[in-house]
Chemist: 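The structure is given below, and queries will be raised subsequently.
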Amino acid sequence: MHLYSTISKRKEPLVPDAEGTVGIYVCGPTVYGRIHIGNARPFVVFSVLKRFLERRGVRVRLVSNLTDVNDKIYTAAAAEGVPSAELARRYSDAYIADTDRLGLGRPDVEPRVTESVPGIIALIEELMQRGLAYAAGGDVYYRVERFPGYGRLSGRRLEDMVSGEPATGAAKESHLDFALWKGRKPDEDTWWESPWGPGRPGWHIECSAMAEEALGRGFQVHGGGIDLIFPHHENEIAQSEGAHGGCMAQIWMHNEMLELGDEKMSKSLGNIAPLADVLDRWPAEVVIAYFLTSHYRSKLPFSDERLGEARAVVERLTNALKAIDRAMATGGEGHDADLTRAIVDGRREFFRALDDDFGTPEAFAALFEMVRGINRATTAGEASPAQLREARHELLDLLDVLGLAGIDPGPAAEVPAEVLSLLDDRERARAARDFAGADALRDRIRALGYEVTDGPGGPQATPIAPEAGSA
RNA sequence: GGCGACGUGGCGAAGUGGCUAACGCGGCGGUCUGCAAAACCGUUAUUCAUGGGUUCGACUCCCAUCGUCGCCUCCA
């Protein structure tokens, strides 16, 4: 498969390492609050990318960190009057719990900064030995102008960079330099001893250290939000490649931002929708479909309208599965060549789309071609139960790649006898052409939580799905 | 000011040198239905922000303009 790489601005072939493994490192959240729907985008994109690659027979090692020590964590903890370690642990747990609800599994490794300090210190020492870092007033800084490739990822030149650093950074040799280690300030209650005195890691160094520890030097894909390109990922490259040479990652893969109204959603702007709240209102599969019906490199508006469209997508897929189940019961005895063609073509196009820079919108288009073929077949009624079962299996198989297998309604749940009885009453009313009575009975059944639909095989009562917003 | 991304039908979203510009939602017409839902069939952009240029040929390449967004301030 090919993936677009920010550093080359081209689609690059994804080449596994000598053991046939693809290592992926994705920058995870800083845990000073509940994560928002925007944070969920890389989680979904990279989790599903992993599923896809594994389906392709590639072994994947997905690593996504938690940044659990940071200025914002100190600040939030101080505001609440709790120890920063406690606050970080609480929101680390919340992050795991919130993303678990998506049902996409966990990354293979989820390292935490607080558990990676020895490796971080070792990396800083290596940089100092190479003259790329220097201690100053209890801090350690990276000497940016000593690293020739600086700016390669973000396409910046050093002379173009404006000094945004406040005057407090007076200990630095250059305003471009960034902190690798920050000396402990009196009110900072999470800290470690180091060769440079007590303190804690700077923002960027932890990812260099944790990526190396989990994936080794020179892995396949480094990912994250596009807003991390500068300075975070630029600095990671400076650190990792500065310390060891070589190439930190083959491909730099960045997802675009969510938009709320006209601006991006972000914690600093305060216009956030917590993932947990979104998942209270919409099923996980709808949220996944919401992300995946758009390309990961496109800006994605966040709104109830868009979630509603994603729900329509999911319903169309679900309805096709239901249609198959009904058709298998009534069953034809022949072979529907058009159905087979739709399945084969759909499967081919599905994988072709994902092979080309993870083209999930086109993959959905392929699914819909398959769905139309299925719906045509169930309408025509020629396909045998065996052929229909195969079609169902194929569709579900592809849905599973996208993490959407959960939309399978499965075998219909037992309908309560009371509902069945009312259904019989309604049929008698309909037979007597007492439609007012029939509709009244339908209302009573609905009050019991079941929707009545009249199909070719007679009426059916199906549980009413919970509506968005009702939770 | 510097760097970067993007502007495709009512909405969303693919395509990125050459067959009829995918797919979903919505609209309209039809089939089915007591009604409804689902589904199916047909229809819904002579056109891809605008203006130039390159080319036998551009939505696709180049330039300019307008517009939107992101980064340059520890936000995915």
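Any value given below was found using the heavy atoms of this structure, including those in side chains, with hydrogens, waters and symmetry copies removed. Reminder, nothing fancy here: chain letters follow the sequence lines and each chain counts from 1.
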Chemist: Hey, which of these two, A:Glu362 or A:Pro42, hits RNA chain B nearer its 5' end, going by closest nucleotide?
Modeler: A:Glu362
Chemist: Indicate yes or no: does A:Asp325 engage A:Lys322 in a salt bridge with an N to O separation below 4.0 Å.
Modeler: no
Chemist: Scan every strand shown for a Watson-Crick or G-U wobble partner of B:G1, both distances under 3.5 Å, and answer none if you come up empty.
Modeler: B:C72
Chemist: Does the B:G4 base have a donor-acceptor partner in the side chain of A:Arg152 within less than 3.5 Å?
Modeler: no
Chemist: Can we say A:Asp338 and A:Arg376 salt-bridge, meaning some charged N sits less than 4.0 Å from an Asp/Glu carboxylate O?
Modeler: no
Chemist: For B:G24 versus B:A64, give the span between their C1' atoms, rounded off to a whole number of Å.
Modeler: 36 Å
Chemist: With the side chain of A:Glu369 defined as its heavy atoms from C-beta on, choose the nearest nucleotide among B:A36, B:C25, B:A22.
Modeler: B:A22
Chemist: Tell me whether the side-chain N/O atoms of A:Ser298 come closer than 4.0 Å to OP1 or OP2 in B:A5.
Modeler: no
Chemist: So what's B:U43 paired with, Watson-Crick or G-U wobble, going by both distances under 3.5 Å?
Modeler: B:G27
Chemist: Looking at B:C6, which nucleotide sits across from it as a Watson-Crick or G-U wobble partner, both distances under 3.5 angstrom, or is there none?
Modeler: B:G67
Chemist: A:Arg306 side chain N/O closer than 4.0 Å to the phosphate oxygens (OP1, OP2) of B:C25?
Modeler: no
Chemist: The side chain of A:Val313 is closest to which nucleotide in this list: B:G24, B:A14, B:C35?
Modeler: B:G24
Chemist: Pairing check on B:A13: which nucleotide meets the Watson-Crick or G-U wobble criteria with it, both distances under 3.5 Å?
Modeler: none
Chemist: Taking atom P in both B:G57 and B:G18, compute the distance separating them and give it to the nearest angstrom.
Modeler: 15 Å
Chemist: Under a 4.0 Å threshold between the charged nitrogen and the carboxylate oxygen, would A:Lys172 count as salt-bridged to A:Asp139?
Modeler: no
Chemist: Check the distance between B:C72's P and A:Ile229's CD1 and give it to me in whole angstrom.
Modeler: 11 Å
Chemist: What's the gap between B:U16 and B:U60 when it is taken at their P atoms, as a whole Å value?
Modeler: 13 Å
Chemist: Could you state the CD-P distance from A:Glu349 to B:C23, rounded to the nearest angstrom?
Modeler: 12 Å
Chemist: A:Arg442 has a side chain; which of B:G34, B:A38, B:C11 sits nearest to it?
Modeler: B:G34
Chemist: What nucleotide, of B:G70, B:C69, B:G34, holds the atom closest to the side chain of A:Ile226?
Modeler: B:G70
Chemist: What does A:Asn319 touch in the nucleic acid at a heavy-atom separation under 4.0 angstrom: a base, only the sugar-phosphate, or nothing?
Modeler: sugar-phosphate
Chemist: Quick one: A:Tyr4 OH to B:G15 C1', roughly how many Å, whole number?
Modeler: 17 Å
Chemist: Using a heavy-atom cut-off of under 4.0 Å over every strand shown, decide if A:Gly308 touches base, sugar-phosphate, or nothing.
Modeler: nothing
Chemist: At under 4.0 Å between heavy atoms, what does A:Arg446 touch on the DNA or RNA strands: base, sugar-phosphate, or nothing?
Modeler: nothing
Chemist: Let me know the distance between CD1 of A:Ile324 and C1' of B:C40, rounded to the nearest Å.
Modeler: 16 Å
Chemist: Determine the contact category for A:His232: base if any of its heavy atoms lies under 4.0 Å from a base atom, sugar-phosphate if only primed atoms, P, OP1 or OP2 are that close, otherwise nothing.
Modeler: nothing
Chemist: Using purine N1 to pyrimidine N3 plus N6-O4 or O6-N4 for Watson-Crick, or N1-O2 and O6-N3 for G-U wobble, each under 3.5 Å, what pairs with B:U55?
Modeler: none
Chemist: Mind checking the P distance from B:C62 to B:C6? Whole angstroms is fine.
Modeler: 11 Å
Chemist: What nucleotide, of B:C40, B:A76, B:G24, holds the atom closest to the side chain of A:Phe368?
Modeler: B:G24
Chemist: Among A:Asp356, A:Asp357, A:Leu354, A:Leu49, whose side chain to side chain contact (heavy atoms under 4.5 Å, CB included) with A:Met1 holds?
Modeler: A:Leu49
Chemist: Using a cut-off of strictly less than 4.0 Å, decide whether A:Arg326 has a side-chain nitrogen or oxygen near OP1 or OP2 of B:A38.
Modeler: no
Chemist: Do NZ/NE/NH1/NH2 and the carboxylate oxygens of A:Asp304 and A:Arg281 come within less than 4.0 Å?
Modeler: yes
Chemist: With nearest nucleotide decided by heavy atoms, which residue, A:Asn255 or A:Thr293, maps closer to the 5′ end of RNA chain B?
Modeler: A:Thr293
Chemist: Between atom CD of A:Glu206 and atom NE2 of A:His232, what is the distance when rounded to the nearest 0.5 Å?
Modeler: 5.5 Å
Chemist: Rounded to whole Å, how long is the line connecting atom CG of A:Asn70 with atom P of B:A76?
Modeler: 9 Å
Chemist: Just N and O in the side chain of A:Arg316: are any of them under 4.0 Å from OP1 or OP2 of B:C40?
Modeler: yes
Chemist: To the nearest Å, how far apart are A:Leu354 CG and B:A22 P?
Modeler: 21 Å
Chemist: Using only side-chain N and O atoms of A:Asn375, determine if any of them is under 4.0 Å from OP1 or OP2 of B:C40.
Modeler: yes
Chemist: Among B:C35, B:C25, B:A76, which nucleotide has an atom closest to any side-chain atom of A:Ala312?
Modeler: B:C25
Chemist: Between A:Asp454 and A:Arg426, does any side-chain N to carboxylate O distance fall below 4.0 Å?
Modeler: yes
Chemist: What integer number of Å spans the P atoms of B:A22 and B:C48?
Modeler: 15 Å
Chemist: A:Ala365 side chain: which of B:C23, B:A76, B:A36 is closest?
Modeler: B:C23
Chemist: Give a yes or no on whether a salt bridge exists between A:Asp71 and A:Arg200, defined as a side-chain N under 4.0 angstrom from a carboxylate O.
Modeler: yes
Chemist: Is A:Thr379 touching bases, backbone alone, or none of the nucleic acid, heavy atoms closer than 4.0 Å?
Modeler: sugar-phosphate
Chemist: When rounded to the nearest Å, what value does the distance between P atoms of B:C25 and B:U47 take?
Modeler: 26 Å
Chemist: The side chain of A:Arg372 is closest to which nucleotide in this list: B:G34, B:C40, B:A37?
Modeler: B:C40
Chemist: Please report the distance, rounded to the nearest Å, between CG in A:Leu228 and P in B:U73.
Modeler: 15 Å
Chemist: Taking the P atom of each, how far is B:U8 from B:G2, in whole Å?
Modeler: 26 Å
Chemist: Considering only B:C72, B:G34, B:A76, which nucleotide approaches the side chain of A:Arg433 most closely?
Modeler: B:G34
Chemist: Whole-Å distance between B:A76 C1' and A:Phe46 CZ?
Modeler: 10 Å
Chemist: Taking only the C1' atom of each, what is the distance from B:A49 to B:G7 in whole angstrom?
Modeler: 6 Å
Chemist: Looking at A:Asp439 and A:Arg442, is any side-chain nitrogen of the basic one under 4.0 Å from a carboxylate oxygen of the acidic one?
Modeler: yes
Chemist: Can you tell me which nucleotide in B:A76, B:C41, B:G34 comes closest to the side chain of A:Arg430?
Modeler: B:G34
